[in-house]
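Some notes on the structure that comes next.
The figures that follow rest on heavy atoms only: side chains count, while hydrogens, waters and symmetry mates do not. Whatever order the structure lists ligands and atoms in, that order sets their numbers, starting from 1. The structure presented is a predicted model; accordingly, all values stated were derived computationally and were not measured.
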Amino acid sequence: MKPTDIKSLIDVLETQRNLSKADWVTLIRDHTPQDATYLFERARAIRKLYYGDAVYLRGLIEFTNYCRNDCYYCGIRGSNRKVSRYRLSEEQILQCCETGYQLGFRSFVLQGGEDPFFTEERIVSIVRSIRKNYPDCAITLSIGEKPFESYLAYYQAGADRYLLRHETANEEHYGKLHPSSLTLKNRKRCLQDLASIGYQVGTGFMVGSPYQTPENLAEDMLFIADLHPQMVGIGPFIPHCETPFANENSGTMDLTVFMIGVLRLTLPMSLIPATTALGTIHSFGREYGLLAGANVVMPNLSPVEVRKKYALYDNKICTGEEAAECRHCIEKRINRIGYKVVVNRGDPASSQFLVQGTGTTFCTKS
Ligand code: SAH
């Protein structure tokens with residue numbers, strides 16, 4: 001395709017919010033750096049329309065690195081005997097929230113491996129306590145695949161959001177990243193259950209995971225355009241030395257930020273984080289992510305003693321700093337590129353909340 005044709009595909013994507021599979025493949029496979037620059041301009045304009053210059057913070061609490069699963073890409077997979085395993089107590093989790101609240105976080109993400117110790121009852125108890133202590137905060141869970149009943153129980157206890165990346169929307173590719181006990185079908189069932197219960201749902205995928213093709217990324221985009229999640233988290237795949245993918249290549253920053261740009265055009269009102277993995281492959285990765293259309297950053301609130309133990313991949317950044325340091329560092333980085341940290345739950349924009357200002361349109365929901 002001629003470069004001008006890729007630009008027109010970007011224009012079609014902006015107006016139609018989706019492409020045919022063939023066009024997705026062309027866009028993802030054949031774009032030039034100039035096309036990417038054009039995409040990012042459009043993505044920033046759209047993000048500005050719905051969110052102004054706001055960047056939302058989510059405080060990430062990595063509360064357990066025990067995991068019963070064995071995903072081939074993940075450093076905390078059950079069969080990695082070299083991991084020093086930890087769990088935070090309910091009290092420690094609440095302490096992380098308190099630290100976070102004082103630092104201006106109004107959204108907490110509890111993420112962990114699929115740890116059987118954290119039964120439905122224990123998660124419900126933790127969610128209830130956070131909900132009671134911080135009624136003005138959003139509570140997000142990211143704890144993997146559970147039965148419908150558990151998702152419902154967490155929701156009734158006060159959780160409002162759930163992050164569960166689909167990882168890849170292609171069945172065969174899914175099978176190359178996971179043992180046969182894990183299926184794309186069940187992943188999709190979980191996402192449907194979560195949405196039907198009323199959660200704000202986040203999904204996503206790794207960019208440059210082993211065996212991934214441009215066709216697979218096209219399928220990811222078609223899946224996301226169809227699911228219409230409120231949040232989409234993507235980041236480059238980064239190998240972990242104690243996994244079967246130890247010698248695979250990382251995903252690139254360029255392709256990851258390009259995918260952030262197309263996500264913004266596909267789901268204009270979505271919340272898209274500039275992820276830690278993106279900040280790990282490039283020292284300004286998160287800034288480039290924000291400049292490509294992302295509008296969320298997820299600083300770590302986990303106690304410093306456990307940070308290094310939650311190693312999904314090698315060389316993860318921000319494992320040595322206290323929460324307060326991360327909070328201030330990220331705010332500086334955000335301000336330097338012309339955006340502002342907003343202290344609120346960071347709910348998705350909704351067209352009913354859009355108001356016309358003087359020259360700009362911004363969202364008034366807090
Ligand atoms: N157990 C939870 C949380 C998983 S960790 C769940 O299953 O949802 C969150 C995300 O980190 C994963 O969904 C995966 O996309 C990403 N991740 C895991 N290993 C990675 C790696 N080696 N490189 C980059 N991202 C990785």
Side-chain angles (χ1 to χ4, degrees), residues 58 60-78 80 83 85 87 109-118 123 140-146 150-151 154 161-169 173-174 176-179 181-184 186-191 193-194 199 201-212 216-217 220 224 229 231-253 255-256 259 273-282 285 289 298 300 302 309-317:
R58 318 243 184 264
L60 186 61
I61 305 169
E62 298 157 335
F63 70 100
T64 173
N65 70 353
Y66 282 84
C67 193
R68 67 188 171 108
N69 288 337
D70 220 13
C71 307
Y72 302 149
Y73 45 84
C74 185
I76 63 167
R77 61 202 300 266
N80 182 1
V83 183
R85 304 279 170 179
R87 294 184 175 107
V109 180
L110 267 71
Q111 189 179 82
E114 291 195 18
D115 179 356
F117 172 83
F118 285 101
I123 296 290
T140 306
L141 296 175
S142 176
I143 53 174
E145 299 179 12
K146 308 284 171 183
S150 299
Y151 288 148
Y154 311 151
R161 302 179 181 153
Y162 205 102
L163 305 179
L164 185 73
R165 292 185 179 180
H166 66 282
E167 312 295 0
T168 172
H173 187 217
Y174 200 92
K176 291 181 176 166
L177 302 181
H178 302 96
S181 52
L182 296 170
T183 62
L184 179 59
N186 196 49
R187 206 77 177 168
K188 287 185 178 172
R189 188 273 302 161
C190 291
L191 288 165
D193 283 355
L194 291 162
Y199 282 96
V201 172
T203 195
F205 53 89
M206 288 175 287
V207 176
S209 60
Y211 312 106
Q212 186 181 64
N216 295 153
L217 286 171
D220 287 325
I224 284 171
M231 303 165 286
V232 187
I234 67 168
F237 159 75
I238 304 173
H240 184 289
C241 59
E242 295 295 336
T243 63
F245 292 157
N247 298 319
E248 300 288 336
N249 292 325
S250 294
T252 64
M253 178 169 89
L255 188 54
T256 306
M259 295 309 296
T275 55
T276 305
L278 187 54
T280 297
I281 50 161
H282 189 288
M298 298 169 69
N300 207 313
S302 314
K309 298 181 183 171
Y310 197 82
L312 309 180
Y313 46 81
D314 292 335
N315 306 315
K316 190 176 160 202
I317 53 167

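- For ligand 1 and E167, the ligand atoms under 4.0 Å from any heavy atom of the residue are 12 (C), 13 (O), 14 (C), 15 (O).
- The ring of F117 has its center no closer than 6.0 angstrom to the ring center of Y66.
- Annotation for ligand 1: atoms under 4.0 Å from non-hydrogen atoms of R165 are 13 (O), 14 (C), 15 (O), 16 (C).
- The contact set between ligand 1 and C74, taken as ligand atoms under 4.0 Å from a residue heavy atom, comprises 19 (N).
- Those atoms of ligand 1 with a heavy atom of L312 less than 4.0 angstrom away are 5 (S), 11 (O), 19 (N), 21 (C), 22 (N).
- Atoms of ligand 1 found under 4.0 Å from any heavy atom of G144, numbered from 1 in the order shown, are 2 (C), 6 (C), 7 (O), 8 (O).
- Closest to atom 24 (C) of ligand 1 by heavy atom, among P236, G235, A277, is P236.
- At least one N or O atom of Y73 sits closer than 3.5 Å to an N or O atom of ligand 1.
- Annotation for ligand 1: atoms under 4.0 Å from non-hydrogen atoms of R187 are 6 (C), 7 (O), 8 (O).
- Closer than 4.0 Å to atom 4 (C) of ligand 1 lies none of the heavy atoms of the protein.
- Contact atoms of ligand 1 toward L164: 8 (O) (distance under 4.0 Å to a heavy atom of the residue).
- Within the structure, ligand 1 has Q111 among the residues with a heavy atom less than 4.0 angstrom away.
- Closest protein heavy atom to atom 1 (N) of ligand 1: G112 O, 2.9 Å.
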